[in-house]
Every structure is written in C-alpha cells, then in structure tokens.
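Comments concern the structure below.
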Amino acid sequence: TKREGFSAIPNVKWEDVGALGSLQKCLEFFISRRIKHPEDYEMLGLDMDTGFLLYGPPGCGKTLVAKAVANDAQANFIYVKGPELLNKYVGESEHSVRALFARARSCSPCIIFFDELDALAPRRGTDGNAVAERVLNQLLSEMDGSDKRKGIFLIGATNRPDMIDPAVLRPGRLGKLLYIPLPDGEGRLSILKTLTARKPISSDVDLLSIAVNKLCEGLSGADLAALVNEACIVGLQEKCLTSTSSSTGEELQPLLIHSRHFDMALS
Ligand code: ATP
C-alpha cells in the first residue's frame, strides 16, 4: 500500500529482502544503528550523511530496502511519490514540501522516502519551468536545515540519476549514492528464497536451477515476484480443478506448489 504522505512503521523486514547484504550493512551503519544507538555517534561528534539516493533499474528493491531500514530502526516512514508532489496546483507544491518536512519533524525519528525523485527534482535546464524550480529551491532549503533535521533521514529513489538536479546530490543533502543492480544468478537465488520462504513449496522445487535458468537471466526482483506468484496461481488452479472433479468433496491433498508449476509459469 503506497498512500502518499502517510506515516507509520512499515512491516517489511530485512529477511524479506534478498541479494542486498552489503547494502543492508551500509544502511544499518548509517541509519538504523544510528537511530537505535545515537550515543556512539554523538560521542565521536561525527559528521555523517543523513541523505541517500538509491538508484538502479526498476523493480530491484529500492522501496523494499527503504522500508526495511525504517522497520529495523522502528522509525516512521513517509512515502512521497515525486510526480504527485509536483503536480499539485500552482503554489501548492511548495507548501506541500514545507508541510512534509514539518510533519517529519513531528514524527521523528523518521525516514522520508522520495520515490521517482527525478520527477520532483529534475535537472534545471534552459526551458525554465518556474514551478519546478521553486519546488526544487524549497526542497533544497528544507534539506539544508541540518539542526531542524535531527532524527530525519532522507532516502531518494530513481532509475534515472542523471536526470536529477546535481544540487540535490551534494553532501548534506542526498550526498550518498548507492547503486542497486539487477541481481545475478546468486542474487536471484537469494531473492527466490525470500519470496518463497512463507509459501507451501514442495521439496521437488529446485530454486537454484530456476535462478540459473536461461529464461531468468536479466529478471528483476519484481519479475521474480511475478514468477513465484504465477507458479502459485497455476498450483492453486490445478488443485481446484482436481478437487472439484472428485465426488467426495473432501480436500485430500494439501496445497503444495511443485516444480511443474514453476515450469509452466516460466514457459
Ligand atoms: P521501482 O523503481 O519500479 O519503484 P523498486 O526498485 O522500488 O522499483 P520495489 O518496489 O522495492 O522495487 O520492488 C517491487 C517488488 O519486487 C517487491 O515488492 C518485491 O516483491 C520484489 N523485489 C524486488 N527486489 C527484491 C529483493 N531484492 N528481494 C526480494 N524481493 C524483491
């Protein structure tokens, strides 16, 4: 559920995220551990990033990661969809940016997640879109108030980092850039494991052979989620068809998703 501007602690856990172990370590160090144990960081008087940009191809876990960080830190999560914030009535967008940060201050510790940041903070060009420029300036000034921003972490997400105005990516703003790539075979296996962990999967399903199957090359996490979903639909359909054709009316076989269901989903 992606309700804009709604804040709550998300229920995504790190165990729901596959393939991104080193990113997890980094974000734990920079965000969740810092929220949970501020004393170490304060004692050293560290000047550390509080703004991050997750970039990379679609469907590889940017939103998922941001939510897992918030859950781990037990921090509120404010979801902002870039294009929506910008498309408010003239003058409204700047007000929305101010209101957003005001609300973040009232529910800190919190994470503001800017999805599709390229739409909210596009590179200033020669065409001079005045509304976009005012919104961008408002955003930059809110990002800069580091005292006011205590306990507020910012995570932006984009597939197009080159389209974002470089001023947004300076130190003190979204200064730390983190790439989330398409998974390789090992990554796909890890993602398939997390996606199937709580499903009734038969022992005849070999996730490794699915992960390294030629047909899975180049698939994103979202594609793999669609594949698992499809295999489950095929398995459920098969069970429904066989149980309605039996006259006893009793549910004899338990619902299990088999290797053949994955084969059909893949074909
Ligand atoms: P977009 O750029 O399109 O917004 P995104 O990178 O934010 O995509 P998510 O929304 O996090 O991608 O992922 C979409 C879905 O794909 C997730 O809800 C999850 O089911 C699955 N998924 C993607 N990446 C992973 C991953 N690394 N581990 C487990 N599931 C994943």
Side-chain angles (χ1 to χ4, degrees), residues 1-6 8-28 31-32 51-72 77-86 111-122 153-164 168 174 176-199 201 205 207-208 210-212 216-233 257 262 265-266:
T1 50
K2 289 180 170 181
R3 258 205 285 158
E4 197 199 1
F6 178 73
I9 299 173
N11 56 10
V12 175
K13 302 232 160 61
W14 276 117
E15 67 196 46
D16 303 319
V17 183
L20 300 170
S22 55
L23 182 66
Q24 174 182 351
K25 291 222 161 53
C26 171
L27 289 169
E28 278 170 349
I31 307 181
S32 32
F52 305 82
L53 181 72
L54 304 178
Y55 69 100
C60 292
K62 296 184 280 299
T63 311
L64 210 59
V65 160
K67 286 184 173 172
V69 174
N71 176 286
D72 183 18
F77 184 80
I78 304 182
Y79 178 87
V80 179
K81 204 175 181 75
E84 283 174 19
L85 192 59
L86 190 63
I111 292 172
I112 309 181
F113 180 69
F114 296 95
D115 205 1
E116 299 179 50
L117 181 68
D118 45 286
L120 182 62
F153 292 82
L154 309 178
I155 302 180
T158 185
N159 313 322
R160 294 295 308 270
D162 54 305
M163 306 248 291
I164 294 176
V168 175
L174 304 188
K176 200 165 177 65
L177 272 56
L178 301 166
Y179 180 55
I180 301 195
L182 268 182
D184 58 8
E186 207 180 308
R188 290 193 293 273
L189 176 60
S190 164
I191 292 171
L192 284 169
K193 282 182 181 164
T194 66
L195 289 170
T196 54
R198 286 190 286 267
K199 297 199 192 303
I201 303 290
V205 174
L207 292 178
L208 175 60
I210 298 172
V212 299
C216 288
E217 248 169 58
L219 294 193
S220 68
D223 296 330
L224 293 170
L227 172 69
V228 170
N229 192 57
E230 182 60 24
C232 289
I233 290 175
I257 307 305
F262 276 91
L266 262 175

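Throughout, numbering of the chain's residues begins at 1 and tracks the sequence. Indexing begins at 1, ligand by ligand and atom by atom, following the structure's order.
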(request) Answer yes if the side chains of Tyr55 and Asn159 hold a donor-acceptor pair under 3.5 Å, and no otherwise. (result) no
(request) State whether the side chain of Asn71 and the backbone N or O of Pro10 hold a donor-acceptor pair below 3.5 Å, judged by distance alone. (result) yes
(request) Take every heavy atom of Ala19, measure it against each atom of ligand 1, and state whether any distance is under 4.0 Å. (result) no
(request) Specify side chain, backbone, both or neither for Thr63, according to which of its non-hydrogen atoms lie closer than 4.0 Å to ligand 1. (result) both
(message) Measuring from non-hydrogen atoms of Thr158 to any atom of ligand 1, is the shortest distance under 4.0 Å?
(response) no
(message) Any non-hydrogen side-chain atom of Ile257 less than 4.5 Å from a side-chain atom of Val205?
(response) no
(message) Taking distance alone, with N or O pairs closer than 3.5 Å, would you say Gly61 contacts ligand 1?
(response) yes
(message) Closer than 4.0 Å to some heavy atom of Gly18 - which atoms of ligand 1 meet that?
(response) 26 (C), 27 (N), 28 (N), 29 (C)
(request) Return yes if some donor-acceptor pair links the side-chain N/O of Asp223 with the main-chain N/O of Ser220 below 3.5 Å, else return no. (result) yes
(request) Of the side chain and backbone of Asn159, name the one, both, or neither that has a heavy atom under 4.0 Å from an atom of ligand 1. (result) side chain
(message) I want to check something: taking the side chain as every heavy atom from C-beta on, are Phe77 and Val69 in contact at a cut-off of under 4.5 Å?
(response) no
(message) Under 3.5 Å between any N/O of Leu64 and any N/O of ligand 1: does that happen in this structure?
(response) yes
(message) Only heavy atoms of Gly221, strictly under 4.0 Å: list the atoms of ligand 1 that pass.
(response) 16 (O), 21 (C), 22 (N), 23 (C), 24 (N)
What side-chain donor-acceptor pairs closer than 3.5 Å can you find for residues 188-196, not counting sequence neighbours?
| residue | atom | partner | partner atom | Å |
| --- | --- | --- | --- | --- |
| Arg188 | NE | Ala211 | O | 2.8 |
| Arg188 | NE | Cys216 | O | 3.3 |
| Arg188 | NH1 | Pro183 | O | 3.4 |
| Arg188 | NH2 | Ala211 | O | 3.1 |
| Ser190 | OG | Ala19 | N | 2.7 |
| Thr194 | OG1 | Ile191 | O | 2.8 |
| Thr196 | OG1 | Leu192 | O | 2.8 |
| Thr196 | OG1 | Lys193 | O | 3.4 |

(request) Find out whether Trp14 and Glu28 are in side-chain contact, i.e. whether some heavy atom of one side chain is under 4.5 Å from a heavy atom of the other. (result) yes
(request) With atom 29 (C) of ligand 1 as the reference point, say which of Leu224, Val12, Asp16 has the nearest heavy atom. (result) Asp16
(request) Answer yes or no: does an N/O atom from Cys60 fall short of 3.5 Å to an N/O atom of ligand 1? (result) yes
(message) Less than 4.0 Å is my threshold; does some heavy atom of Ala157 fall inside it relative to ligand 1?
(response) no
(message) Using a 3.5 Å distance criterion without hydrogens, assess whether the side chain of Lys62 forms a donor-acceptor pair with backbone atoms of Gly56.
(response) yes
(message) Can you name the atoms of ligand 1, numbered from 1 with element, that are less than 4.0 Å from a heavy atom of Val17?
(response) 28 (N)
(request) Could you tell me which atoms of ligand 1, counted from 1 in the order shown, lie closer than 4.0 angstrom to a heavy atom of Thr194? (result) 29 (C)
(request) Heavy-atom contacts with Ala225 under 4.0 Å: which atoms of ligand 1 show up? List them by number with element. (result) 20 (O)
(message) Tell me the nearest of Pro183, Ala222, Pro57 to atom 16 (O) of ligand 1, using heavy-atom distances.
(response) Ala222
(request) Walk me through it: do Val228 and Phe262 pass the test side chain to side chain contact (heavy atoms under 4.5 Å, CB included)? (result) CA-CA 7 Å; Val228 170; Phe262 276 91; 4.2 Å; yes
(request) Using the salt bridge (Lys or Arg N to Asp or Glu O under 4.0 Å) rule, collect all pairs that involve residues 11-22, keeping only residues at least two apart or in two chains. (result) Glu15-Arg198, Asp16-Arg198
(message) As a check for students: among Lys62, Glu15, Lys81, identify the option with a heavy atom nearest to atom 5 (P) of ligand 1.
(response) Lys62
